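Here's the structure, in structure tokens; my notes come after.
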Amino acid sequence: MSAPRLSSTPLPGIGVRYDLTTRESRRLSVVAHRDGHRTISAYREDDPDACDLSVRLSSEEATTLIDALMPAHHTPSLLSTTDLGLVAERIELPGSSHWNGRLLGESRIRTDTGASVVAVLRRAEAIPSPTPHFRLAGGDTLIVIGTREGVEAAAAILGRE
């Protein structure tokens, strides 16, 4: 198997075509139209010049597909993972949450889950390293880092009504 190859070809008046040849020598192409649409095409294995499938995507659909293809984005709220088994995730505090108006320390997130709230996003403001005395508010987005299990447990605690 050879390494994957990507080439691009300008298409005057249309956009740019990107051709990918996979390690298995399969051909895929993406035409990036000037209007933001994308056309994805897959070619037959027995005849690399014969198109087997062609799908036109809106720019929103293309963005969604890109998100699905990125290994670090297997969930919409996932920010990153490391080889250490840690994840960072955005968790929104619903207005109906039991913790709306309460102190972060009362939630016992770090003690009970091992995950840490490293920042809170509130409207257009970022509050880094909130202390246990930080008062939570519905609509806050908490940036939580920990193991996958710890972050999921923190999300369950924060979602409590």
Side-chain angles (χ1 to χ4, degrees), residues 3-8 15-24 26 28-42 53 55-161:
R5 296 181 313 274
L6 183 68
S7 63
S8 63
V16 178
R17 185 181 78 210
Y18 298 93
D19 292 301
L20 171 69
T21 303
T22 69
R23 291 179 194 267
E24 290 85 22
R26 295 294 310 264
L28 301 169
S29 72
V30 175
V31 175
H33 297 268
R34 290 176 25 188
D35 66 2
H37 284 83
R38 302 291 187 261
T39 302
I40 301 174
S41 300
L53 170 73
V55 179
R56 184 172 167 95
L57 302 173
S58 69
S59 57
E60 183 180 344
E61 291 165 334
T63 299
T64 302
L65 180 60
I66 289 166
D67 216 26
L69 291 170
M70 296 297 293
H73 291 87
H74 67 275
T75 65
S77 56
L78 188 65
L79 296 175
S80 64
T81 61
T82 69
D83 292 336
L84 301 174
L86 299 176
V87 297
E89 195 167 313
R90 297 172 186 252
I91 301 172
E92 187 170 340
L93 186 73
S96 61
S97 173
H98 170 79
W99 305 108
N100 185 5
R102 297 183 185 244
L103 300 177
L104 176 61
E106 293 177 49
S107 70
R108 297 181 44 91
I109 286 175
R110 184 179 305 184
T111 302
D112 293 346
T113 70
S116 298
V117 176
V118 297
V120 175
L121 308 177
R122 181 177 287 166
R123 296 181 197 93
E125 181 183 10
I127 299 107
S129 304
T131 69
H133 303 291
F134 179 82
R135 193 164 301 277
L136 298 168
D140 283 351
T141 299
L142 286 73
I143 308 299
V144 181
I145 295 180
T147 63
R148 166 58 48 211
E149 297 79 20
V151 170
E152 288 174 0
I157 289 170
L158 291 168
R160 178 179 155 207
E161 294 187 8

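Each residue takes its place number in the sequence, starting with 1. Hydrogens, waters and symmetry mates play no part in the numbers below; they use all other heavy atoms, side chains included. Fair warning: this is a prediction, and the values are worked out from it, not measured in the lab.
- Asp140 places a side-chain N or O within 3.5 Å of a backbone atom of Ala137 that can act as its donor or acceptor partner.
- With hydrogens and angles ignored, the 3.5 Å screen pairs no side-chain donor or acceptor of Arg160 with any backbone N or O of Ala156.
- At a cut-off of 3.5 Å, with distance as the only test, no side-chain donor of Ser59 or His37 sits close to an acceptor on the other residue.
- A distance of 9.0 Å separates CD of Glu106 from CG of Leu136, quoted to the nearest 0.5 Å.
- The shortest non-hydrogen separation linking Ile157 to Trp99 is O-NE1, 2.7 Å.
- A donor-acceptor distance shorter than 3.5 angstrom exists from the side chain of Thr113 to the backbone of Ala115, with no hydrogens or angles considered.
- When every heavy atom of Arg110 is checked against every heavy atom of Ser116, the shortest pair comes out as NE-OG, 3.4 Å.
- Judged purely by atom type and a 3.5 angstrom limit, Arg38 has no side-chain atom pairing as donor or acceptor with the backbone of Ala32.
- With respect to Arg56 and Asp35, a salt bridge is recorded, a charged nitrogen being found less than 4.0 Å from a carboxylate O.
- No side-chain heavy atom of Leu20 sits under 4.5 Å from any side-chain heavy atom of Arg5.
- At least one donor-acceptor pair under 3.5 Å links the side chain of Ser107 to the backbone N or O of Leu104.
- Nearest approach of Pro132 to Leu103, heavy atoms of both residues: O-CB, 3.6 Å.
- Atoms CG and CZ, on Asn100 and Arg135 in that order, are 10.5 Å from each other to the nearest 0.5 Å.
- To the nearest 0.5 Å, atom CD of residue Glu92 and atom OG1 of residue Thr141 are 4.5 Å apart.
- Proximity of a side-chain donor or acceptor of Glu125 to a complementary backbone N or O of Arg122 within less than 3.5 Å is not detected.
- The backbone N or O of Ser29 sits nowhere less than 3.5 Å from a side-chain atom of Asp19 that would complete a donor-acceptor pair.
- Put simply, the side chain of Ser97 gets close to the backbone of Leu158: a donor and an acceptor are under 3.5 Å apart.
- Listed here is the closest heavy atom pair of Val120 and Pro130: CG2-CG, 3.8 Å.
- The shortest heavy-atom contact between Gly150 and Thr147 is N-OG1, 2.9 Å.
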Problem set entry | side-chain contact (heavy atoms from CB on, under 4.5 Å) between Leu121 and Ile143, intermediate numbers included | CA-CA 8 Å; Leu121 308 177; Ile143 308 299; 4.1 Å; yes
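- The minimum heavy-atom distance linking Val151 with Gly146 is given by the pair CG2-N, 3.6 Å.
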For this session: Decide side-chain contact (heavy atoms from CB on, under 4.5 Å) for Leu65 and Ile40; before the verdict, give the C-alpha distance in whole Å, the side-chain angles of both, and the deciding distance to 0.1 Å.
Result: CA-CA 11 Å; Leu65 180 60; Ile40 301 174; 3.4 Å; yes
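- Counting heavy atoms from C-beta outward, Ile109 and Val117 have side chains that approach closer than 4.5 Å.
- At a threshold of 4.5 Å between non-hydrogen side-chain atoms, the residues Leu28 and Arg26 do not count as touching.
- In this structure a side-chain-to-backbone donor-acceptor pair under 3.5 Å is missing from Glu152 to Glu149.
- To the nearest 0.5 Å, atom OG of residue Ser41 and atom CZ of residue Arg17 are 9.0 Å apart.
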For this session: Decide side-chain contact (heavy atoms from CB on, under 4.5 Å) for Val118 and Val144; before the verdict, give the C-alpha distance in whole Å, the side-chain angles of both, and the deciding distance to 0.1 Å.
Result: CA-CA 6 Å; Val118 297; Val144 181; over 6 Å; no
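- Under 4.0 Å is where a charged nitrogen must lie from a carboxylate oxygen, and between Glu89 and Arg148 at least one such pair does.
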